[in-house]
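Below, chain A is the first sequence line, B the second, and so on; all start at residue 1.
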2 protein chains.
Amino acid sequence: MTTLSIDRHDLALLDALQRSGEATNAALGETVHLSASQVSRRLQRLQEAGLITGYAALLDPAALGLDVIAFAHVVLERHGGVRTEAFEEGVAALPEVLECFSVSGNADYVLRIVAPDLAAFSELMMKRVLRLPGIANIKTDIVLGKVKQTHVLPLEHIARPSRPRRGVRYSAG
Amino acid sequence: MTTLSIDRHDLALLDALQRSGEATNAALGETVHLSASQVSRRLQRLQEAGLITGYAALLDPAALGLDVIAFAHVVLERHGGVRTEAFEEGVAALPEVLECFSVSGNADYVLRIVAPDLAAFSELMMKRVLRLPGIANIKTDIVLGKVKQTHVLPLEHIARPSRPRRGVRYSAG
DNA sequence: CCTAAAAATGCACGAACCGTGCGTATCGGA
DNA sequence: TCCGATACGCACGGTTCGTGCATTTTTAGG
């Protein structure tokens with residue numbers, strides 16, 4: 001496990017990076033007021049510490065023909081089984097299921113699913129999702145419109161020393 | 001608007017890129033069996049066509065102290081107003097609200113929200129979300145466990161000519 | 001307050017990477 | 001089979017990257 005302390009430069013860097021991950025170190029340095037070499041060194045630390053888990057190209061779902069988004073609320077049968085494992089593995093194997101969380105509330109799981117169109121979505125639900133083991137019932141919310149969608153995590157809650165200090169430490173192991 | 005046709009090399013490229021957006025053109029070319037120069041040219045086309053909307057660094061929410069994820073199901077009041085705009089703008093201005101969709105079903109909107117902990121989440125809901133205009137009621141599902149979470153869109157549904165062809169075209173304007 | 005250790009900074013330099021021009025090869029249509 | 005169009009790999013100049021080094025700034029202790 002690596003441990004490090006974060007200062008305001010690191011926060012500005014993380015914020016800039018999750019918005020434009022393709023920026024050069026020089027460009028990043030200009031927005032956060034650091035030299036390119038410092039940006040390079042800081043990024044190396046942040047990555048080793050596990051704060052930066054990777055980089056990704058963001059694709060436009062609509063341009064790829066993925067026009068349907070839906071949230072599926074799954075309730076499992078309750079005959080005290082190990083069926084949850086089978087269900088979770090089955091879900092993880094479906095590429096159209098982008099997310100699956102177990103949740104509090106009425107449902108056991110919430111799934112975020114994408115599909116090309118309603119016909120494909122229907123077929124996916126009937127032939128793949130509903131056939132997963134242990135399902136009692138599913139209620140589905142189909143997305144009608146996108147008000148907001150971002151991958152940018154809020155960083156405002158993190159204390160911002162002007163310099164790294166002992167005490168406030170962030171880690172990932 | 002730019003229009004282009006996609007072949008299997010482009011698909012392989014998009015798939016590789018959304019998994020590791022930091023890979024060099026040479027490395028990408030190795031996985032998709034193309035030269036680095038071709039990768040460069042294809043990426044340029046895919047970006048101009050709008051299929052690639054950007055690049056981002058992926059951060060670890062837990063390492064940043066964001067331990068709470070929740071889905072909020074919002075029902076608006078129904079006195080035929082333009083309050084929906086005010087609500088949507090208010091939601092868009094909250095950095096903790098990563099996503100907001102209008103949906104079919106019982107609720108009007110589904111919001112995905114992150115927060116450092118339950119105390120902060122509670123305060124966020126009470127002081128910011130519930131004070132948005134036009135809200136009738138909110139039901140919240142708090143995430144207990146993460147079974148799967150990915151940003152990788154499925155591409156299996158796209159036809160895969162060995163070469164670009166006229167007819168099958170993808171676009172983004 | 002003063003001093004010394006530690007850490008961060010900017011610059012410089014060699015290596016790696018990127019985009020483009022160009023000649024060649026391959027594909028599709030007639 | 002022939003021709004136009006398109007995709008391909010190679011090579012090259014410009015850019016970017018990471019690291020070593022000397023300097024400056026900050027922290028902690030006396």
Note to self: If I take atom CZ in residue B:Arg42 and atom C1' in nucleotide D:dT6, what distance separates them, rounded to the nearest angstrom?
What the structure shows: 11 Å
Margin query: Between P on C:dG21 and CD on B:Gln44, what's the gap in Å once rounded to a whole number?
Written below: 10 Å
Next item on the list: Round to the nearest Å and state the distance from B:Leu34 atom CG to C:dT26 atom P.
Entry: 15 Å
Check: Taking atom P of D:dT26 as reference, at what distance in whole Å does atom CG of A:Asp7 sit?
Finding: 13 Å
Item checked: Euclidean distance, atom CD of residue B:Glu22 to atom P of D:dT16 [Å, nearest integer] -> 19 Å
Next item on the list: Give the rounded distance in Å between these two atoms: CD of A:Gln38 and P of D:dT19.
Entry: 13 Å
Notebook entry, point to check: What nucleic acid atoms does B:Ser37 come within less than 4.0 Å of, heavy atoms only: base, sugar-phosphate, or nothing?
Noted result: base
Notebook entry, point to check: In terms of side-chain geometry, is the basic nitrogen of B:Asp141 or B:Arg112 positioned less than 4.0 Å from the acidic oxygen of its partner?
Noted result: no
Check: With distance as the sole criterion, do the side chain of B:Arg41 and the base of C:dG21 form a donor-acceptor contact below 3.5 Å?
Finding: yes
Next item on the list: Measure from the side-chain heavy atoms of B:His9 and tell me the nearest of D:dG9, C:dC17, D:dC8.
Entry: D:dC8
Next item on the list: Provide, to the nearest angstrom, the distance between the CD atom belonging to B:Glu48 and the C1' atom belonging to C:dG19.
Entry: 13 Å
Note to self: What I want to find out is whether B:Asp15 reaches B:Arg8 closely enough, with some N-O distance under 4.0 Å, to be called a salt bridge.
What the structure shows: no
Checklist line | Whole-Å distance separating the CZ atom of B:Arg45 from the C1' atom of D:dC8 | finding: 12 Å
Check: Got a second to check how far A:Ile52's CD1 is from A:Leu46's CG, nearest 0.5 Å?
Finding: 5.0 Å
Notebook entry, point to check: Considering residues, nucleotides and ligands other than A:Glu88, do more than 12 of their heavy atoms fall under 6.0 Å from its CD?
Noted result: yes
